[in-house]
2 protein chains.
Amino acid sequence: MCADILKAIAQPTRLRIIELLRDGEHCVCEIYPAIGHEQSNTSRHLQMMLKSGILRQRKEGLKIFYSLRHPEVLEMVRLAELIMQREAEQTLGVLTAKCRT
Amino acid sequence: MCADILKAIAQPTRLRIIELLRDGEHCVCEIYPAIGHEQSNTSRHLQMMLKSGILRQRKEGLKIFYSLRHPEVLEMVRLAELIMQREAEQTLGVLTAKCRT
DNA sequence: CAACTGTATGATTATTTACTCATACATCCA
DNA sequence: TGGATGTATGAGTAAATAATCATACAGTTG
């Protein structure tokens with residue numbers, strides 16, 4: 001079911017990780033301080049996204065680097081933001097209209 | 001947070017509803033038999049999607065018709081399916097390679 | 001008004017999720 | 001080999017989620 005792909009994206013902490021990985025691969029030791037979560041928690045999210053298929057893993061010595069596997073993931077986030085923005089504009093429009101009455 | 005938009009989509013039952021609404025508006029009484037869930041459960045999912053902003057409501061007599069508000073939602077589902085499909089192909093590729101060894 | 005139809009919602013439950021702490025595991029290096 | 005570093009994972013917990021049943025609510029029609 002493609003809901004798994006969507007679920008892997010639809011969570012604030014994971015969205016932050018995805019944003020971080022936008023500019024290329026990062027290791028766990030870089031990611032968890034950046035997002036302000038425990039190492040264990042961050043690792044769990046990364047494992048989850050790895051298993052769902054949206055991330056890739058590369059080991060280098062002690063460190064493990066994660067990166068995005070599909071550019072479409074960024075496109076999906078962009079579309080979600082676009083919808084949010086459009087809704088905000090509509091809400092504003094309604095308020096503006098109310099002020100005019 | 002745009003995670004709310006994504007969460008509204010990232011659930012099997014709601015994905016089925018979204019697929020149903022692909023061809024235009026439907027009332028609850030049409031939707032819940034089509035997806036094989038209780039009326040109350042279906043109504044809850046519709047309310048959830050309405051509040052997240054991805055659905056629109058139109059009342060006509062007793063019936064309430066729901067429809068998709070943003071075509072981007074369908075685009076997001078399409079991208080998720082594309083990723084799934086690509087992963088399936090890669091898995092198949094790996095298996096094929098293993099058979100050749 | 002009363003009965004009926006279509007939809008929403010309170011109460012409850014089982015499951016899943018996100019998180020934390022402690023610890024295990026793996027790799028590197030002195 | 002032993003200690004240090006980076007990552008993963010078991011156990012436990014609180015909160016969120018999806019579902020059900022019963023019931024309330026709204027609009028229609030006799």
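What you are looking at is a predicted structure, and each value in this text was computed from that prediction instead of being measured. We name chains A, B, ... by the order of the sequence lines, and we start the count at 1 in each one.
- In this structure, a donor-acceptor pair under 3.5 Å is absent between the side chains of Arg44(B) and Gln39(B).
- Remark: Lys63(A) pairs with Cys27(A), Cys29(A), Phe65(A) by the side-chain contact (heavy atoms from CB on, under 4.5 Å) rule, at least two apart or across chains.
- Salt bridge Glu81(B)/Arg78(B): absent, no basic N to carboxylate O contact under 4.0 Å.
- We find that NZ of Lys59(B) is positioned 9 Å from C1' of dT7(C), with the value rounded to whole Å.
- Partners of Glu25(A) under the side-chain hydrogen bond (donor to acceptor under 3.5 Å, both in side chains) rule, at least two apart in sequence or in another chain, are Arg58(A).
- Atom pair Ile64(B):CD1 and dG27(D):P shows a separation of 9 Å (rounding to whole Å applied).
- Going from atom NZ of Lys63(B) over to atom P of dC4(C) covers 19 Å, rounded to whole Å.
- Lys7(A) has its side chain out of reach of Lys7(B): every pair of non-hydrogen atoms, C-beta onward, lies at least 4.5 Å apart.
- Using a cut-off of 4.0 Å between Lys/Arg side-chain N and Asp/Glu carboxylate O, Glu72(B) and Arg86(A) are scored as salt-bridged.
- Residues meeting the side-chain hydrogen bond (donor to acceptor under 3.5 Å, both in side chains) test with Gln85(A), sequence neighbours left out: none.
- Taking Leu46(A) as the reference, Ile17(A), Val28(A), Ile31(A), Thr42(A), Met49(A), Leu55(A), Tyr66(A) meet the side-chain contact (heavy atoms from CB on, under 4.5 Å) condition, with sequence neighbours excluded.
- For the pair His26(A) NE2 and dT7(D) P, the interatomic distance rounds to 13 Å; values are reported in whole Å.
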Under 3.5 Å, which protein N or O atoms sit close to an N or O of nucleotides 28-30 of chain C? Give each pair with its distance.
none

(request) Report, as a single string ordered 5' to 3', how protein heavy atoms within less than 4.0 Å touch nucleotides 9-19 of chain C: B base, S sugar-phosphate only, - not at all. (result) BBB-----SSS

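- Glu30(B) comes within 4.0 angstrom of no nucleic acid atom, judged by non-hydrogen atoms across all strands.
- With rounding to whole Å, Phe65(B) atom CZ is found 8 Å from dT7(C) atom P.
- Between Leu82(A) and His70(B) the shortest side-chain heavy-atom distance does not fall below 4.5 Å.
- Rounded to whole angstrom, the span from the CG atom of Leu46(A) across to the C1' atom of dG6(D) amounts to 13 Å.
- Here Tyr32(B) lies out of heavy-atom contact (under 4.0 Å) with every strand.
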